[in-house]
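Scroll down for the structure; my scribbles are underneath it.
All figures in this text were calculated on a predicted structure; none of them were measured in a lab.
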Amino acid sequence: MVPMFSIVGHSNTGKTTYIRKLVKELRLRGYKVAVIKHDPLDHGDVDKAGSDTSYFFEEGSSAVVLSSPLRLSIFRRVDRDTLPEKIIPLCGDVDCAILEGYKRWDYPKIEIWSSAKGKLDINPEQLHAIVYNQEEDRDALLNIAPETLPVFFKDDLEGMVNLLENSILKNKSGGSNGS
């Protein structure tokens, strides 16, 4: 099975921007990355200039899929939410998948933490790591995060990808092409 993890957080916390950076860093290490954006309210646009899906494609994702309860961006009608495990084979030859959303689903999660909320949005037992946006928010986050949970500043992509390689991706050589 293709390894996958989910990026979660409140609206406007930087999930899309962070995923774009992760795609770029993973590609630099030789990974072919698919991004699957969950749209539980079925209101997203697909590949419109400036949309999340167009950004992911521009950053070099091998495949980009928008999934909602009513449609899959492969423009095939569906009658319920499609499991990422069923979407990934449609993405072609990929080494990993980044899920945006799927907050209530059982996948490893990285939360983009917002100091405006002041609390973790996801149960710490479901979290794989936390990313914070402002350096000045680090101490506040460390006061509420479990000591064993890895915490990263948004610009520490190298640290995050190292964590992902050692835990979820389990491939230090990077990607299926071994580069």
Side-chain angles (χ1 to χ4, degrees), residues 1-39 44-67 72-74 84-85 87-103 105 107-115 121-122 127-135 137-138 141 149-179:
M1 182 189 329
V2 172
M4 67 182 105
F5 57 94
S6 184
I7 304 295
V8 300
H10 291 282
S11 295
N12 300 314
T13 55
K15 295 182 300 293
T16 298
T17 301
Y18 194 71
I19 291 171
R20 290 176 69 185
K21 291 177 180 180
L22 274 177
V23 167
K24 191 173 188 177
E25 182 68 25
L26 286 163
R27 283 191 64 239
L28 288 172
R29 295 193 190 195
Y31 290 92
K32 295 177 188 171
V33 182
V35 176
I36 301 172
K37 180 178 174 70
H38 192 222
D39 182 16
D45 288 323
V46 181
D47 286 331
K48 176 181 80 173
S51 70
D52 291 350
T53 53
S54 70
Y55 286 138
F56 299 145
F57 193 77
E58 290 168 12
E59 289 299 333
S61 291
S62 298
V64 178
V65 177
L66 178 66
S67 175
L72 196 60
S73 291
I74 302 166
E85 292 87 346
I87 298 169
I88 290 172
L90 303 173
C91 296
D93 181 24
V94 297
D95 300 309
C96 65
I98 302 173
L99 313 177
E100 180 175 341
Y102 294 95
K103 188 183 289 189
W105 296 50
Y107 300 108
K109 294 173 185 63
I110 297 168
E111 181 174 345
I112 308 296
W113 183 73
S114 168
S115 62
D121 191 38
I122 301 295
L127 285 174
H128 195 71
I130 302 173
V131 174
Y132 59 97
N133 285 318
Q134 305 294 326
E135 276 288 354
D137 292 336
R138 183 177 184 276
L141 175 58
L149 192 60
V151 173
F152 296 92
F153 182 56
K154 67 178 179 178
D155 293 336
D156 184 7
L157 278 297
E158 182 178 345
M160 178 59 76
V161 173
N162 287 342
L163 173 72
L164 292 170
E165 284 188 321
N166 289 319
S167 56
I168 294 172
L169 303 176
K170 297 183 180 144
N171 181 359
K172 289 188 181 203
S173 64
S176 61
N177 62 7
S179 61

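Of the inter-residue distances, the one linking M4 atom CE with I36 atom CD1 reads 7.0 Å to the nearest 0.5 angstrom. Within the model, atoms CG of L163 and CZ of F152 stand 4.5 Å from one another, a figure rounded to the nearest 0.5 Å. Summarising the geometry, atom CG belonging to L141 is positioned 12.5 Å from atom CD belonging to Q134; distances are rounded to the nearest 0.5 Å. In this structure, K15 NZ and I112 CD1 are separated by 8.0 Å, a value rounded to the nearest 0.5 Å.
Proximity of R29 to N162: side-chain heavy atoms (C-beta onward) are separated by under 4.5 Å at one or more points. In this structure, the side chains of F153 and R138 stay at 4.5 Å or more apart for every pair of heavy atoms. By the 4.5 Å heavy-atom criterion applied to side chains, L22 and I7 are counted as neighbours.
Pairing each heavy atom of N133 with each of W113, the nearest pair is ND2-O, 4.0 Å. For the pair V131 and K154, the tightest heavy-atom approach, listed with the atom from each and the gap, is CG1-CA, 3.6 Å. Scanning both residues, P3 and I168, for their nearest heavy atoms gives CB-O, 3.6 Å. Residues G60 and V23 come closest through the heavy atom pair C-CG1, 4.3 Å. Nearest heavy atoms, H128 versus P108: CB-CB, 4.4 Å. When all heavy atoms are compared, the tightest approach of Y132 to E135 is OH-OE1, 3.7 Å.
Between the side chains of E100 and Y18, no donor-acceptor pair of N or O atoms lies under 3.5 Å.
Ring geometry, Y102 versus W105: the interplanar angle exceeds 60°, so the pair is classed perpendicular (tilted spans 30 to 60°).
Remark: side-chain polar atoms of T17 are not paired, donor with acceptor, to backbone N or O of G14 under 3.5 angstrom. The backbone N or O of Y107 sits less than 3.5 Å from a side-chain atom of K109, completing a donor-acceptor pair.
Checked options L99, V35, I87; the residue passing with V65 is I87 (criterion: side chain to side chain contact (heavy atoms under 4.5 Å, CB included)). Each of K21, R27, R20 was scored for a salt bridge (charged side-chain N to carboxylate O under 4.0 Å, His left out) with E59, with one residue passing: R20. Partner of I98 under the side chain to side chain contact (heavy atoms under 4.5 Å, CB included) criterion, out of L26, I110, L164: L26 alone.
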